[in-house]
J.: 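I have a structure I would like to understand better, so I am pasting it below and will then ask my questions one at a time.
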There are 2 protein chains.
Amino acid sequence: MTKSPRRAGRPSTQVLTEERILKAAFALSAQRTARQFTMTALAESLGVRTSALYHHFANRDAVIRAMRGQVSRALVSPVLHEMPVEDALLTWAHSYRDAAIAAPEAMVMLATSPIDADEGSFADYEQIARLLVADSWPTDTIVDAIVALESFIIGSALDALAPADNMAPGALAAQFPTFAEAEAARARLSTDPARRTFEIGVRALIHGLTAWARESTT
Amino acid sequence: MTKSPRRAGRPSTQVLTEERILKAAFALSAQRTARQFTMTALAESLGVRTSALYHHFANRDAVIRAMRGQVSRALVSPVLHEMPVEDALLTWAHSYRDAAIAAPEAMVMLATSPIDADEGSFADYEQIARLLVADSWPTDTIVDAIVALESFIIGSALDALAPADNMAPGALAAQFPTFAEAEAARARLSTDPARRTFEIGVRALIHGLTAWARESTT
DNA sequence: ACCTGAACACCGTTCAAGT
DNA sequence: ACCTGAACACCGTTCAAGT
């Protein structure tokens with residue numbers, strides 16, 4: 001198709017590195033849907049033939065796994081201990097969601113496949129757990145709180161992947177008037193309704209969880 | 001490849017119906033990952049050529065959209081109006097989660113495929129919306145509440161998919177002692193921790209959302 | 001109308017060939 | 001070692017041809 005600017009054979013200066021590929025992968029995943037995130041498109045964005053990628057990653061899944069590793073590494077936030085617990089949880093949830101949204105396909109994998117035990121996720125969990133222990137949450141409430149929050153965050157990230165108007169009934173509005181009106185009201189409030197819902201939901205959830213933990217203490 | 005048992009031309013008795021295709025689609029989604037859920041595999045499971053599917057559905061997304069509609073349709077529960085709103089939301093969340101757990105890979109596809117309006121989903125939303133309006137929730141809070149709940153439910157269903165011990169740090173316990181202890185305490189409480197977390201989380205979220213809606217009224 | 005079969009554009013992946 | 005280019009098996013989708 002496009003005649004390549006490089007001829008066959010090892011180039012004198014290396015074109016690709018894992019780092020450069022990952023950077024392009026994040027950029028691409030922000031622009032394309034999970035399904036359009038292809039090795040071909042990734043290679044093209046790097047000005048390289050598709051097969052060149054296979055010298056640096058075993059396959060497409062390996063690229064996604066590397067993205068996922070980078071995401072979890074970015075989460076650890078050292079300032080969490082200097083704020084009230086509810087704010088700390090909120091901060092954590094936000095950074096988690098931002099990371100999740102930056103890597104949609106990685107997110108689907110994270111949700112679909114079980115976490116490998118040697119993942120950096122536990123470092124993250126440990127930090128939150130200490131925070132809650134210090135705030136005198138009962139030991140047996142802590143993992144429930146973490147998992148509940150994580151479930152909401154992942155669900156929200158998936159929701160954010162859908163087209164922004166995916167809740168609009170469109171032609172069916174007449175058939176479902178109450179919902180249609182509510183949807184219109186919500187659309188008027190924000191250009192990024194998924195984000196708005198995330199903010200509301202995560203606050204509601206954190207609120208509800210802290211209240212529950214406090215009850216559990218007595 | 002496999003020589004077809006049917007020769008070309010319209011068969012005397014119709015082979016496919018939307019219903020039969022959808023049934024096969026759910027069966028397939030229980031066995032394959034979202035990526036392996038192909039039109040080819042679906043056709044094969046129906047003993048039919050791939051192109052035959054296109055007489056009944058416009059494309060792959062249309063199949064997924066119909067699946068989503070069917071899931072939503074299974075949700076409508078006519079008794080919702082006879083109970084307090086928080087109980088009604090809880091009931092709805094439970095039936096949604098049950099449906100989601102019955103077809104987890106379908107949930108991933110439903111959540112991530114860019115699909116638009118299907119009647120079934122909106123019928124469900126309409127019912128919840130009316131419920132909340134009757135309970136005098138402000139119009140612009142309703143869709144946020146629905147989406148937040150849905151996000152949590154889908155995230156929880158995906159979490160329930162993972163092995164029950166997927167939060168156990170295992171050999172890494174010594175490295176993350178606080179979290180390890182909390183995880184052990186949780187594991188002692190329940191044989192189905194994912195379900196336990198769902199119960200806790202959905203109650204916390206509903207609680208938090210109703211409180212938020214009440215504030216928004218004033 | 002509803003199926004098959006051929007066809008097209010596109011993927012992921014492999015591998016020989018070139019430097 | 002690290003790139004290109006050709007090749008293979010596989011997808012989604014379209015469409016003519018057959019009944």
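Only a predicted model underlies this, so the values are computations on that prediction, with no experimental measurement involved. Proteins get letters first, then strands, A, B, ... in listed order; numbering begins at 1 in each.
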J.: Does the side chain of B/R6 get closer than 4.0 angstrom to OP1 or OP2 of C/dC3 through an N or O atom?
T.: no
J.: B/R60 has an atom CZ; how far is it from atom P of C/dC11, in whole Å?
T.: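 Rounding to the nearest Å, CZ of B/R60 and P of C/dC11 are 15 Å apart.
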J.: Taking OP1 and OP2 of C/dC3, is either one under 4.0 Å from a side-chain nitrogen or oxygen of B/R49?
T.: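 For C/dC3, neither OP1 nor OP2 has a side-chain N or O of B/R49 closer than 4.0 Å.
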J.: For B/S51 and for B/Q14, locate the closest nucleotide of DNA chain C by heavy-atom distance; then report the residue assigned to the nucleotide nearer the 5' terminus.
T.: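 Closest to the 5' end, via its nearest nucleotide, is B/Q14.
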J.: A/L53 CG to D/dG5 P: how many Å, rounded?
T.: 15 Å
J.: Atom CD of residue position A/E19 - does it have more than 12 heavy atoms of other residues, nucleotides or ligands inside 6.0 Å?
T.: no
J.: In whole Å, what is the span from the CG atom of A/L42 to the C1' atom of C/dC11?
T.: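 Distance, rounded to whole Å: 13 Å.
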J.: Does C/dC3 have its OP1 or OP2 closer than 4.0 Å to a side-chain nitrogen or oxygen of B/H56?
T.: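 For C/dC3, OP1 or OP2 has a side-chain N or O of B/H56 closer than 4.0 Å.
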J.: Near DNA chain C, which residues from residues 15-30 of chain B have a heavy atom under 4.0 Å away?
T.: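 Under 4.0 Å from DNA chain C: B/V15, B/L16.
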J.: Which base sits across from D/dC11 as a Watson-Crick or G-U pair, both distances under 3.5 Å?
T.: none
J.: Are any of A/T40's side-chain N or O atoms less than 4.0 Å away from OP1 or OP2 of C/dC10?
T.: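 A/T40 to C/dC10 OP1/OP2: no side-chain N or O under 4.0 Å.
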J.: If you look at every strand shown and take non-hydrogen atoms under 4.0 Å, does B/T50 touch a base, only sugar-phosphate, or nothing?
T.: base
J.: Give a yes or no on this: more than 12 heavy atoms of other residues, nucleotides or ligands lie within 6.0 Å of atom CD of A/E44.
T.: no
J.: How about B/Y125 and A/F176: are their ring centres within less than 6.0 Å of each other?
T.: no
J.: State the pairing partner of D/dT4; accept Watson-Crick or G-U wobble contacts with both distances under 3.5 Å, and report none otherwise.
T.: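 Result: C/dA16.
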J.: Just the table, please: protein N/O against nucleotides 16-19 of chain C N/O, every pair under 3.5 Å.
T.:
| unit_1 | atom_1 | unit_2 | atom_2 | d |
| --- | --- | --- | --- | --- |
| C/dG18 | N2 | A/G9 | N | 3.4 |
| C/dG18 | N2 | A/G9 | O | 3.3 |
| C/dG18 | N2 | A/R10 | N | 2.0 |
| C/dG18 | N3 | A/G9 | N | 3.3 |
| C/dT19 | O2 | A/R10 | N | 3.2 |

